[in-house]
Amino acid sequence: MASSSFNPRQLAGFLAQAAPAVISIGLVLVAWELYANHSGIKPTVLPAPSRVFEQAMLNRDALLDNAIPTIRATLIGFACSLSAAFALSMLVDFFQPLRRALFPVFIVSQTLPLVAIAPLVVLWFGFGLTPKIMLVALVTFFPMLVALVQGYEATEVEIGQMLRAMGAGRWRVFILARLPSALPYFFAGLRISITYAVVGAIFAEYAGAAKGLGIYMLNAKNNFRPDLVLAAVGVSAALTLVLFGLTVVLQRLAMPWERAAGRRAARKGPQA
Amino acid sequence: MSRLELRHMRKAFGGLEVLADISLRVDAGEFVSILGPSGAGKSTLFQLLTGAEHGEGEMFFDGAPLDDHGRHFAFMPQRDALMPWRRILDNTTLGLEVQGLGRKAARTRVAPLFAEFGLAGFERHFPAQLSGGMRQRAALLRTVVQERDMLLLDEPFGALDALTRAAMQRWLEQMWRHHRWTALLITHDVREAVFLSDRIYVLSARPARVVREIQVPLPRPRDPTSAATRQAGVLEAEILDILLNLQPTKGHDHD
């Protein structure tokens, strides 16, 4: 946020909202730390959070080095999936029969177990970026497509009627009404899909890659280093949270009227 | 000469007959209401006019068969149908933009009207920030700035609370006196029809036909506190009687 829009009340409100989450996560970590240190469990089975953190710091270069390919695969894969979902959602919106022809295929694609598909895709397309992009696209494409198509259909009937009475053709109605109506659905889909995307990328790397958080986790596990596995998990969680936060910021920027609606509720009295 | 004339319009959806026989006319600068029970097919009539649906019968505009629907009518739907993502100013320019006017030109044309519509200072607000009455005024502004030959108002105040609705009716009557729009209003509110109209067509329940055409000889401005109020009351009672006696109650005998 720009400093011009900084508001101490807003910050306090944000902290108050975040406090319960921070406290519950803190409690889990404390309990975990106490258990790992005092139950006699071996650190090669369950390392304490402090040890995970320590090892993450020691290995930060390796972690970073492996996080970058994961980020790249996630973003490129998600961008491809998003473009495809958008193009296809428009086609489906304009030619309804397409929906009946295509949706069953996509639903089947969602039933494929990633565990089985990931190694196959790596087998077919090698250890490069392509299989990762494909797997990320596979897990994110359908949720985005459904969100968009549903969003178009959420257009208020009367807005459509009015536009047609004004003389607008189907394309104008789509641009002026259906597309903006789909925005809330689009962002809801985006928030869910972006988390799938990271998981998809890591899964693809797990099945075979030269570098990446997925293969890093696999190697750490094979070397009996659960602390490093958990450190990589921490990195991927942080990555997911950042991407999630970005979608929230993006939504705020793209839909300023949502916050405006809140401001009216806060104002006193009606103005007739 | 009448601007709009309908002769024996009929419309059925599948086997369901909605409009049985509708003949009516609207003269230039005249405010005409179509009054009928809920579900009588009043909105279907507007769909025929705007070209969203096609029926049997003849429709004329200025004496010529009605073909290019969009050119003649500016349509105001039941709910305000303001786009939540557009600021009020950009909502009111919508019709002009669809007509092909640039956004800037459209804004210059709409902006001076904001004061008259009681919306001055709210140009940059989003619809969600406005009260129901203001939203309806914005919707009407969006409708009239299209400068079509005729306004089609489909129960424009139906969603408002009673007090706001009464205020909006007075405001609309006053606006109409200044502008003399040719207007066709759909409503099921007898008082609203009498208060606003020069003439009223009373429709039967579905399948709809015109059961009565009523002149409203009340002087304008229509001030609810004036001496004419009693006259309006008599007219309202008479119309209400017609409407209540055409409810399709079984065994009811009415000529």
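We use all heavy atoms of the structure for the numbers below, so side chains are in, but hydrogens, waters and symmetry mates are not. Every chain is numbered from 1, with letters handed out A, B, ... down the list of sequences.
The candidate from B/Arg142, B/Gln47, B/Met76 with the greatest count of non-hydrogen atom pairs under 4.5 Å with chain A is B/Arg142.
Of the two parts of A/Glu158, the backbone and the side chain both hold a non-hydrogen atom closer than 4.5 Å to a non-hydrogen atom of chain B. Within the 4.5 angstrom heavy-atom criterion, no atom of A/Met255 approaches chain B. Contacts of A/Leu183 with chain B are absent, with no heavy-atom separation under 4.5 Å from either backbone or side chain.
Note that the CZ atom of B/Phe75 and the OG1 atom of B/Thr143 stand 9.0 Å from one another [nearest 0.5 Å].
Proximity to chain B among residues 68-77 of chain A is not found for any residue, judged by heavy-atom separations below 4.5 angstrom. Residues of residues 86-104 of chain B lying under 4.5 angstrom from chain A, judged on non-hydrogen atoms, are B/Arg86, B/Leu94, B/Gly95, B/Glu97, B/Val98 by number.
Between B/Phe61 and B/His72, the ring planes are parallel. Angles under 30° get that label, and only those over 60° would be called perpendicular.
Taking B/Ala12 as the reference, nothing meets the side chain to side chain contact (heavy atoms under 4.5 Å, CB included) condition, with sequence neighbours excluded.
Taking the ring centre of B/Phe46 as origin, the terminal cationic atom of B/Lys42 falls outside the region bounded by 6.0 Å and 45° from the ring axis.
Side-chain atoms of B/Glu155 and B/Thr187 form no donor-acceptor pair, as typed in the model, at a separation below 3.5 Å. A donor and an acceptor atom, one from each side chain of B/Glu116 and B/His179, are located under 3.5 Å apart. Between the side chains of B/Gln174 and B/Arg222, no donor N or O sits under 3.5 Å from an acceptor N or O.
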Contacts under 3.5 angstrom, residues 101-114 of chain A side chains, donor-acceptor by atom type, not counting sequence neighbours:
from     : atom 1 : to       : atom 2 : distance (Å)
A/Ser109 : OG     : A/Phe106 : O      : 2.5
A/Gln110 : NE2    : A/Leu138 : O      : 3.1
A/Thr111 : OG1    : A/Val108 : O      : 2.6

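Between B/Arg3 and B/Asp27 there is no salt bridge, since none of the side-chain N atoms of the basic residue sits less than 4.0 Å from a carboxylate O of the acidic one. B/Glu53 has a carboxylate O that lies under 4.0 Å from a charged side-chain N of B/Lys11, or vice versa, which qualifies the two as a salt bridge.
Taking the six-membered ring wherever Trp is involved, the centroid distance between the rings of B/Phe117 and B/Trp171 falls below 6.0 Å.
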